[in-house]
Amino acid sequence: MALEKHTIEQLAEHLDNCELQARDTPKITDDYPDMDWDDAYAIQDTIRARKLARGARIIGYKAGLTSHAKMKQMGVESPVFGFLADYFSVPEGSAVQVSELIHPKVEPEIAFVMKRALKGPGCNIADVLAATDFVLPGIEVIDSRYRDFKFDLKSVVADNTSASRFVVGGQAQRPESVDLRTVGIVLEKNGQPAALGAGAAVLGHPASAIAMLANHLGKRGEEIPAGALILSGGITEAVAVAPGDNVCLRVQGMGSITLRFA
Ligand code: 0L1
Ligand code: MG
């Protein structure tokens, strides 16, 4: 680790407050260019501890930057992982208040709900599918705390990978009853297709992202617990939204979900 404990705490407080007050900030590596990966995840862990101390519950995880479209959009080469707090969850069909956010974008995703705990190292797609209870459509609302979405990967990890809000719904399916590689999705904004793709855009198979998450957590002595909800990563590039926008995600064989922005 390159940063002192008090610096990690200070940066976690800063990023947590930026989220809560919908305030942007320059990326933190501008001031701490030597920050390493352990520092980045330690800042994210400290943000998580701050939320837990305020009474929030952690209900799952997310994988980010898992599609080639997203990696290209962000100019990076590997996925990142974050956590989902209970208050990030938005009821299906409801409205997200844009005034509570900085510059939201939406991503079409496949969500996994686990029936058994999953612990790396060595997890693969088959292990993930065997441990999955069901899969369902999810829209992630990302909202980087960094000004103009300008960041590097370590800053993004520290900022809990831009996690902000999400909705899941539609028709949940057992993992064996759907081919998650070929499943097609259409993301509509205000009734017009804004992005489309297939599950394989996420690392060849969305379950790969869950296996990578389990292996990542395993290295840190953690596991994906039974019952966790996991967003496996955007299938397409992220789409910017503004007040008044209406977003609908249609997933082949899994129904649709909608989200409004007010
Ligand atoms: O969920 C994601 O893919 C987002 C990862 C963080 C980068 C971003 O804010 O776009
Ligand atoms: Mg995402």
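Computation of the quantities below employed the complete heavy-atom set of this structure, encompassing side-chain atoms and omitting hydrogens, waters and symmetry-equivalent molecules. Numbering of ligands and ligand atoms starts at 1, following listing order.
- Of all the heavy atoms of Lys105, none lies under 4.0 Å from any atom of ligand 1, so neither backbone nor side chain is involved.
- Not a single N or O atom of Thr161, backbone or side chain, sits closer than 3.5 Å to an N or O atom of ligand 1.
- Of the heavy atoms in Leu65, both backbone and side-chain atoms come closer than 4.0 Å to ligand 1.
- We find that Arg220 and Glu222 are joined by a salt bridge, their nearest charged nitrogen and carboxylate oxygen being less than 4.0 Å apart.
- Among the atoms of Ser144, none of the N or O lies under 3.5 angstrom from an N or O of ligand 1.
- Short contacts between ligand 1 and Ile142, defined as distances under 4.0 Å to a heavy atom of the residue, involve ligand atoms 1 (O), 4 (C), 8 (C), 9 (O), 10 (O).
- Closest to atom 10 (O) of ligand 1, if we only count protein heavy atoms, is Lys70 NZ, 2.8 Å.
- Sequence neighbours left out, the pairs with a member in residues 83-137 that pass ring-ring contact (aromatic ring centres under 6.0 Å, His included) are His103-Phe149.
- Of the possible polar contacts, none joining the Asp148 side chain to the Lys150 backbone as a donor-acceptor pair under 3.5 Å is found.
- Against a heavy-atom cut-off of under 4.0 Å, Glu140 is close to the following atoms of ligand 1: 1 (O).
- In this structure, Tyr146 does not count as a contact residue of ligand 1, since none of its heavy atoms falls inside 4.0 Å of the ligand.
- Side chain of Tyr32 to backbone of Ala2: no donor-acceptor contact under 3.5 angstrom is found.
- Protein heavy atom closest to atom 1 (O) of ligand 1, with residue, atom name and distance, is Lys62 NZ, 2.7 Å.
- Of all N, O or S atoms in Glu107, the one lying closest to the Mg ion (ligand 2) is OE1.
- Among all protein heavy atoms, the one lying closest to atom 2 (C) of ligand 1 is Glu107 OE1, 3.3 Å.
- Each salt bridge (Lys or Arg N to Asp or Glu O under 4.0 Å) pair with one or both residues in residues 196-215, not counting sequence neighbours, would appear here, but there are none.
- The shortest contact between atom 9 (O) of ligand 1 and any protein heavy atom is with Ser162 OG, 2.5 Å.
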